[in-house]
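Right, one structure below, let's go through it.
Note on naming: letters A, B, ... go to the chains in the order of the sequence lines (proteins, then strands), and numbering restarts at 1 for each one.
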Number of protein chains: 2
Amino acid sequence: MTKRQKPPKYSWAYVAVDIVVLTVRDRRLQVMAIRRGRKPGLGGLALPGGFVHLDEDLETAARRELREETGLEVDFLEQVKTYGAPDRDPRNRTFGVLYLAVMPNLPEGAAGTDADDAQWIPVDELLATDLPFDHHDMLVDALERARAKLEYSPIAASFCRPTFTIGQLRQVYEIIWGVGLDPANFSRKTRSVDDFLVETGDTVSEGPGRPARTYTVGSATVLNPPINR
Amino acid sequence: MTKRQKPPKYSWAYVAVDIVVLTVRDRRLQVMAIRRGRKPGLGGLALPGGFVHLDEDLETAARRELREETGLEVDFLEQVKTYGAPDRDPRNRTFGVLYLAVMPNLPEGAAGTDADDAQWIPVDELLATDLPFDHHDMLVDALERARAKLEYSPIAASFCRPTFTIGQLRQVYEIIWGVGLDPANFSRKTRSVDDFLVETGDTVSEGPGRPARTYTVGSATVLNPPINR
DNA sequence: CAAATAGTGTCTCTTAGACAGTATTAT
DNA sequence: ATAATACTGTCTAAGAGACACTATTTG
């Protein structure tokens, strides 16, 4: 897998990818964490991630590490930022490329976590634990990115299953932004965004209340007009 | 300068920084380019940049390379994206961390380009030349970032000298967005943004027309409300 | 004086948000 | 029936953009 190359002439380094995978479960924003099997931070929680192979793209490495460490396959994956403080890894000079991934709340087991050491944990709980390296900063930065992207990108749909209701979409916004949104205005607003939502023609009924129309995400890459906080 | 470390155990790589420095000169958006002294792309233009030292932060490396290769000192510097395609550098596995920098149009010579091989060139001209590595993609990505940030960040002020008029600020927007903006509405709009502009109390007269009030940039990090295109 | 730029006034049209009211379900 | 959710209607206030008009300079 890992090819050889000539010994380094200049300052060399390891390059790793780390991934913040977000989902909404039990009405809370949750993040995928793994239990570390080695020092530093042995036994504690950390973000999934690992070294990039020699013949591998960054995004490919992120997907591979995610699959290996958590068993997850994500549809939304985006580079956030690269961390390069000289002492960020006490062992060797290592650069960390952070990725943000987003998943729907799939039923436990279905493409879920085969890996024993992987678990969903509410974001605020993980933020309160002692994370190794600069994983705390990474989590904060990824969250900020996700919050910002809700406004102008269809990323919220990545938190939903392929077919979803506007109520489900609204909950994503409410939970991630931590605010309450007027259902009536939110419905009008999202439907008015060009190519954001595509009506399926079906409706679903979940619990009491009028059945909701279902939608799939459209071709829009930018929300125009944006959904303001 | 470059410390030693133990020989690599896993896939190692070189890490470089590349910088897109933008300014507005002669009413055009221009970018700093250097003439390459080695292959690949020998004799052609390229973005300034170079390898990160072992004991150096990424941003520090970007500032150092910029100083060494172009003699420039910038105030605005921001990480954009990291490029990691396995074949992006034909010689060795090299990751490239892209930075966006912005400068005012300083009078030629003053903290200008000591370096012979560095030059300002209009962005569209550099885009039309044959750039080495993935510098073309980098330039496109940096431009998109700059255009987007005009809307919601005070980055436009970084294109201006410490004290500037609203007319000068408007020109930055017009040139970078490639659109015409209504001077009256633009003036009202920018002045209404919280903590964006701070009046100096002075006015300056450049050519014909009523003298303009001058401003310095305020404490705002986010423009609220934003300046829409 | 004319031409050019800075800045104010005002009008119109669109949109965001508040909130009342109607539709349709589970229990 | 009651409660809960989905969705429509409507009003109000704020904001964006068009554009006329005033202010102050250079030549």
Q | Minimum-distance nucleotide (side-chain atoms of Pro208(B) versus dT26(D), dC19(D), dA16(C)) | A | dT26(D)
Q) Considering heavy-atom distances to DNA chain C, does Arg229(A) or Ala184(B) have its closest nucleotide positioned more toward the 5' end? A) Ala184(B)
Q) Whole Å only: how far is the CG atom of Asp182(B) from the P atom of dC11(C)? A) 17 Å
Q: Go through the N and O atoms of the side chain of Asn228(A) and the base of dA16(C), and report whether any donor-acceptor pair is under 3.5 Å.
A: no
Q: Measure the distance from CD on Glu174(A) to P on dT5(D) and round it to the nearest whole Å.
A: 11 Å
Q. Leu181(B) CG to dA16(D) P: how many Å, rounded?
A. 13 Å
Q: Take atom OH of Tyr215(B) and atom P of dA6(C), then tell me their distance rounded to the nearest Å.
A: 11 Å
Q. Can you check the Glu151(A) CD to dA16(C) C1' distance for me, whole Å?
A. 14 Å
Q.
Under the side-chain hydrogen bond (donor to acceptor under 3.5 Å, both in side chains) definition, can you give me all pairs with a residue in residues 136-145 of chain A, not counting sequence neighbours?
A. Glu78(A)-Arg145(A), Tyr83(A)-Asp141(A)
(Q) Any side-chain to backbone donor/acceptor pair from Thr129(A) onto Leu126(A)? Under 3.5 Å, distance only. (A) yes
Show me the donor-acceptor pairs within less than 3.5 Å that the side chains of residues 166-178 of chain B make with the rest of the protein, sequence neighbours left out.
from	atom 1	to	atom 2	distance (Å)
Gln168(B)	OE1	Thr165(B)	N	3.0
Gln168(B)	NE2	Glu206(B)	OE1	3.4
Gln168(B)	NE2	Glu206(B)	OE2	3.1
Arg170(B)	NH1	Glu174(B)	OE2	3.4
Tyr173(B)	OH	Leu150(B)	O	2.9
Glu174(B)	OE2	Leu181(B)	N	3.0
Trp177(B)	NE1	Arg147(B)	O	3.0

Q.
On a heavy-atom basis, which atom in Leu47(B) and which in Met32(B) lie closest, and how many Å separate them?
A. CD2-O, 4.4 Å
Q: Would you indicate what Pro211(B) reaches in the nucleic acid, counting non-hydrogen atoms under 4.0 angstrom: base, sugar-phosphate, or nothing?
A: sugar-phosphate
Q) For dA6(D), does either OP1 or OP2 sit under 4.0 Å from a side-chain N or O belonging to Arg170(A)? A) yes
Q) Expressed in angstrom and rounded to an integer, what is the separation of Asn185(A) atom CG from dG17(C) atom C1'? A) 5 Å
Q | Length of the line joining Ile227(B):CD1 and dG15(D):C1', which is rounded to integer Å | A | 13 Å
Q. Can you check the Leu223(A) CG to dT15(C) P distance for me, whole Å?
A. 16 Å
Q. Nearest to the side chain of Lys189(B), which nucleotide is it out of dC19(C), dA26(C), dA16(D)?
A. dA16(D)
Q: State the NE2-CZ distance between His135(A) and Arg88(A), to the nearest 0.5 angstrom.
A: 6.5 Å
Q. Between dA6(D), dG17(C), dT26(D), which nucleotide gets closest to the side-chain atoms of Ala212(A)?
A. dA6(D)
Q.
At less than 4.0 Å, is any side-chain N or O atom of Arg188(B) found next to OP1 or OP2 of dA16(D)? Yes or no.
A. no
Q) Would you say dA3(C) has OP1 or OP2 under 4.0 Å from some side-chain N or O of Arg210(B)? A) no
